[in-house]
Amino acid sequence: KSPFEGNLVQHFGIFETVTDYLFSELNINDNSINNTILFTEPIANPEYCRGKMAELFFEGYQVPSVFFGIDALFSLYAQHGANINKYRTSDGLIINAGHASTHIIPILGGSTVWTEVKRLGVGGFNAFDLFYKHLNLKHPMARSRLSFPTFETLYQRCGFVATDYTSQMEYFRYGIDAFVNKGYSNRVADANRKEETLEKLKNDLRAVSYTHLTLPTIYSV
């Protein structure tokens, strides 16, 4: 069971177990931790959640101090080379895409315009949920052979963010019948033009630095 509900920690007993594991992996096996803890939190994190988190670290691990902050603002600070003067005079628009939601954060003169911050209920989990349902619809038998964690691992290893969405969709459209189902005849008026387009898309995608795995390969599981 996950300690999170949405992007908030709600099950602190489970979260304490996760924290114990993290500290053990860091070879911290003492009864108390003598280092300050920096904990990132979502925008508008309820006071109850923050208080329970502070209570966990103070009473469970005897830490000397705990700091809470928003990871997107830390990232903006790092983008300026950790230069506080540049940070205080910066203007920008932060798109903070998280697991359960996405926040749009405007920055003017180094200050967050809190009244204009927007939250979208779409995050990384929604992409996985779509992948999970789509795969089950196309391959109903896969549900009995593959567990939910296996689907999640498949998504994490095979999924990527397209740098050019239109070109990626064109590649999938023409690449399926060109490389996988050779007996399938797609209705394209100019076959030569399609082959030239496909070859160009292949060369473009080969130049991408990440490992490419097409949807037909994913569906062959």
- Between Ile33 and Pro64 the two heavy atoms that sit nearest each other are O-CD, 3.4 Å
- Task: State plainly whether one hydrophobic cluster holds both Met53 and Ile43, where clusters connect Ile, Leu, Val, Met, Phe, Trp and Tyr through side-chain heavy atoms under 4.5 angstrom apart.
- Result: no
- Connected via hydrophobic side-chain network under 4.5 Å: Val63 and Phe67: no
- Message: Do Val113 and Thr115 have side chains that approach each other closer than 4.5 Å (heavy atoms only, starting at C-beta)?
- Response: yes
- Item | Separation of Phe58 CZ from Ile37 CD1 (nearest 0.5 Å) | 10.0 Å
- Check whether any side-chain heavy atom of Pro3 lies under 4.5 Å from a side-chain heavy atom of Gln10, and answer yes or no. no
- Side chains of Ile94 and Thr112 in contact at under 4.5 Å (non-hydrogen atoms): no
- Item | Residue from Phe131, Tyr132, Phe125 passing ring pair (Phe, Tyr, Trp, His ring centres under 6.0 Å) with Tyr155 | Phe131
- Working for side-chain contact (heavy atoms from CB on, under 4.5 Å), residues Val9 and Asn45: CA-CA 9 Å; Val9 178; Asn45 188 30; over 6 Å; no
- Query: So, does Thr40 use its side chain to make a donor-acceptor pair with the main chain of Ile70 at under 3.5 Å?
  - Reply: no
- Message: Tell me whether Phe15 shares a hydrophobic cluster with Tyr48, the cluster being built from Ile, Leu, Val, Met, Phe, Trp, Tyr side chains joined at under 4.5 Å.
- Response: yes
- side-chain contact (heavy atoms from CB on, under 4.5 Å) between Phe57 and Gln62, intermediate numbers included: CA-CA 6 Å; Phe57 284 114; Gln62 287 82 49; over 6 Å; no
- With a 4.5 Å limit on heavy-atom distance, are the side chains of Pro42 and Leu8 in contact? yes
- Message: What's the separation between atom CG in Leu76 and atom CZ in Phe74, rounded to the nearest 0.5 Å?
- Response: 11.5 Å
- Query: Nearest 0.5 Å, what's the CG-CD1 distance between Asp91 and Ile107?
  - Reply: 9.0 Å
- Does Ile95 CD1 have over 12 foreign heavy atoms under 6.0 Å away? no
- Message: Under a 3.5 Å distance rule, please check whether Asn136 uses its side chain to pair with a backbone N or O of Lys133 as donor and acceptor.
- Response: no
- Message: So, taking the atom named CG in Leu26 and the one named CD1 in Ile28, what distance separates them when rounded to the nearest 0.5 Å?
- Response: 5.0 Å
- Message: The test is side-chain contact (heavy atoms from CB on, under 4.5 Å); show your working for Phe128 and Gln156 and say whether it passes.
- Response: CA-CA 9 Å; Phe128 166 72; Gln156 293 171 352; over 6 Å; no
- Message: In this structure, is the centre-to-centre distance between the rings of Phe23 and Tyr61 below 6.0 Å?
- Response: yes
- Query: Taking the side chain from Thr89 and the backbone from Asn85, do they hold a donor-acceptor pair closer than 3.5 Å?
  - Reply: yes
- Message: Show, in sequence, the C-alpha distance, side-chain angles and deciding distance for Leu93 and Ile105, and conclude whether the side-chain contact (heavy atoms from CB on, under 4.5 Å) test is met.
- Response: CA-CA 6 Å; Leu93 184 68; Ile105 310 171; over 6 Å; no
- Message: Closer than 3.5 angstrom, by distance alone: can the side chain of Ser75 be matched with the main-chain N or O of Asp71 as a donor-acceptor pair?
- Response: no
- Query: At what distance, to the nearest 0.5 angstrom, does CG of Asn96 lie from NE2 of His103?
  - Reply: 7.5 Å
- Mind checking the CZ-CZ spacing from Arg50 to Phe39? Nearest 0.5 Å is all I need. 11.0 Å
- Heavy atoms of other groups near Gln79 CD, more than 12 under 6.0 Å: no
- Compare every heavy atom of Ser90 with every heavy atom of Tyr87, then report the nearest pair and how far apart it is. O-OG, 2.9 Å
